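After the structure tokens below, expect a handful of questions from me.
What you are looking at is a predicted structure, and each value in this text was computed from that prediction instead of being measured. Numbering of ligands and ligand atoms starts at 1, following listing order.
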Amino acid sequence: MGKIKYEVYKEVAWVTINRPDKRNAIDYEVMDRLEEILAEIEECQNSKIVVITGSGSQAFCSGGDLSAFHSLVTQKEAYKMLSRMGKILQKIFLFPKPTVALLNGTAVGGGCEIAVSCDFRVAKKRAKFGFIQGKLGITTGWGGAAMLYERISQSEAMRLLMSAKAVTAEKGKELGFINHTVEPENLKEECLDWLQPFLEQPLSVLKAYKSYWLSKCNENKIIERMDEEIYHCSVLWESDEHHQAVRTFLNKNK
Ligand SMILES: CC[C@@H](C(=O)O)C(=O)SCCNC(=O)CCNC(=O)[C@H](O)C(C)(C)COP(=O)(O)OP(=O)(O)OC[C@H]1O[C@@H](n2cnc3c(N)ncnc32)[C@H](O)[C@@H]1OP(=O)(O)O
């Protein structure tokens with residue numbers, strides 16, 4: 001089984017990051033597959049909605065693979081990786097079909113950025129999520145802050161980003177970040193129930209509403225803001241503070 005599983009089930013394209021032993025962290029192989037699968041789903045006539053989720057019950061995604069990316073030392077090296085994943089999240093944000101992040105467990109760092117790139121977030125009850133990048137001496141590096149400012153109020157977005165703390169799905173629901181919570185035992189079926197009213201509409205209708213949203217939020221501006229954010233993160237990446245924080249995490253788990 002590869003690092004990403006993909007299937008179409010009940011008119012939904014299910015994309016599952018499949019590295020549960022690494023808490024579904026994103027490495028280059030995951031990026032390769034995401035690029036391929038998104039292109040395939042765009043053409044697919046049998047799916048109306050895309051759901052991105054993670055394997056296992058512990059994590060949706062723990063962000064960038066810190067052991068794989070630890071070898072990236074300079075701003076330039078970091079920028080290449082960050083902008084590549086940033087492009088994938090731009091693709092998800094601008095995707096012509098509705099997109100849903102199904103948080104089957106913890107979503108932190110870049111995992112939260114994947115979640116915010118989707119139109120909707122459905123979470124397992126009591127799952128935690130957080131833009132914890134500040135603890136690593138960096139900011140969101142895949143454009144997550146720019147997208148978060150489009151999803152919830154400016155002050156709540158700043159609070160989540162600046163505190164770098166993980167909060168529960170229930171708190172996320174109060175903030176308008178999480179749209180719906182589901183029981184741990186029955187994630188996929190409950191998510192499908194929630195999506196049922198959408199699935200009853202023709203794909204052309206879903207696509208039209210998605211395009212109205214994209215024209216409202218000004219695609220070019222958001223891409224520009226994401227690119228600036230990615231560049232800024234790559235500058236912070238070079239700092240001793242960042243490299244030391246990553247070393248601490250990797251040593252803790254040795
Ligand atoms: C690089 C892009 C940047 C961005 O643009 O946003 C980022 O994503 S920065 C943020 C990176 N992510 C993190 O800092 C999160 C790190 N992980 C954790 O805090 C925790 O693992 C967890 C997600 C809260 C889960 O905790 P727990 O269930 O207790 O699991 P463990 O900590 O024991 O981890 C199990 C296993 O998985 C490995 N792991 C976890 N996260 C990552 C990761 N991001 N990269 C690489 N490996 C990761 C961990 O090392 C353990 O491995 P083994 O020791 O081999 O079992």
*asked:* Under 3.5 Å between any N/O of R23 and any N/O of ligand 1: does that happen in this structure?
replied: yes
*Measure across S62 and A25 and return the closest heavy-atom pair with its distance rounded to 0.1 Å.*
OG-CB, 3.5 Å
*Considering only heavy atoms of I132, which atoms of ligand 1 have at least one such atom less than 4.0 Å away?*
13 (C), 14 (O)
*Using a strict cut-off of 4.0 Å, indicate which atoms of ligand 1 neighbour a heavy atom of W142.*
2 (C), 5 (O)
*Is NZ or CZ of R151 both nearer than 6.0 Å to the six-membered ring centre of F177 and within 45° of the ring axis?*
no
*Does F120 sit in a hydrophobic cluster with other residues, and if so which ones, taking ILVMFWY side chains as linked at heavy-atom separations under 4.5 Å, directly or through other members?*
Y9, V12, W14, I49, V51, V100, L102, V122, V182, L187, L192, W194, L195, F198, L199, L206
*Sub-4.0 Å atoms of ligand 1 with respect to non-hydrogen atoms of Q133*: 4 (C), 6 (O)
*Do you know which two heavy atoms are closest between E150 and C217, and how far apart they sit?*
OE1-CB, 3.5 Å
*What part of I26, side chain from CB on, backbone N/CA/C/O, both or neither, has a heavy atom under 4.0 Å from ligand 1?*
neither
*asked:* When you compare ligand 1 with G63, is there at least one nitrogen or oxygen pair between them that comes in under 3.5 angstrom?
replied: no
*side-chain contact (heavy atoms from CB on, under 4.5 Å) with F93: which of I88, V116, T99, L214?*
L214
*If we only count N/O pairs under 3.5 Å, is G64 in contact with ligand 1?*
yes
*ILVMFWY cluster membership beyond I132 - transitive side-chain contacts under 4.5 angstrom*: V108
*asked:* Under 3.5 Å between any N/O of L82 and any N/O of ligand 1: does that happen in this structure?
replied: no
*Going by an N to O cut-off under 4.0 Å, is there a salt bridge joining K125 and E170?*
no
*Please could you name the atoms of ligand 1 that L136 approaches to less than 4.0 Å, counting only its heavy atoms?*
9 (S), 10 (C), 11 (C), 14 (O)
_Distance filter under 4.0 Å to G141 heavy atoms, resulting ligand 1 atoms_ = 4 (C), 5 (O), 6 (O)
_One thing to verify: whether K91 and E35 come together as a salt bridge, which I'm taking to mean a side-chain N less than 4.0 angstrom from a carboxylate O._
no
*Less than 3.5 Å between some nitrogen or oxygen of Q58 and one of ligand 1, yes or no?*
no
_Options H70, R19, K22, E113, ranked by nearest heavy atom to atom 55 (O) of ligand 1, top entry_ = K22
*Given that the side chain starts at C-beta and the backbone is N, CA, C, O, which of these parts of S62 lies under 4.0 Å from ligand 1, counting heavy atoms, or is it both or neither?*
both
*Examine the proximity of ligand 1 to D65 and report which part, side chain or backbone, both or neither, has a heavy atom under 4.0 Å away.*
both
*Say whether W237, considering both its backbone and side-chain N or O atoms, lies within less than 3.5 Å of an N or O atom on ligand 1.*
no
*Output, in order, the C-alpha distance, side-chain angles, deciding distance and verdict of side-chain contact (heavy atoms from CB on, under 4.5 Å) for R33 and V15.*
CA-CA 10 Å; R33 285 296 290 141; V15 180; over 6 Å; no
*Number the atoms of ligand 1 from 1 as they appear, then name those within less than 4.0 Å of a heavy atom of G109, with their elements.*
6 (O), 8 (O), 10 (C)
_Please classify the L250 to ligand 1 contact at 4.0 Å (heavy-atom distances, strictly less than): side chain, backbone, both or neither._
neither
*Enumerate the atoms of ligand 1 whose separation from the nearest heavy atom of V108 is less than 4.0 angstrom.*
15 (C), 23 (C)
*Would you say F69 has any N or O atom under 3.5 Å from an N or O of ligand 1, going by distance alone?*
no
*Measure the NZ-CG distance between K3 and D65 for me, rounded to the nearest 0.5 Å.*
7.5 Å
*Would you say the ring centroid of F60 lies under 6.0 angstrom from that of F129?*
no
*Non-hydrogen atoms of V246 versus ligand 1: any pair closer than 4.0 Å?*
no
*At what distance, to the nearest 0.5 angstrom, does CE of M226 lie from CG of L82?*
11.5 Å
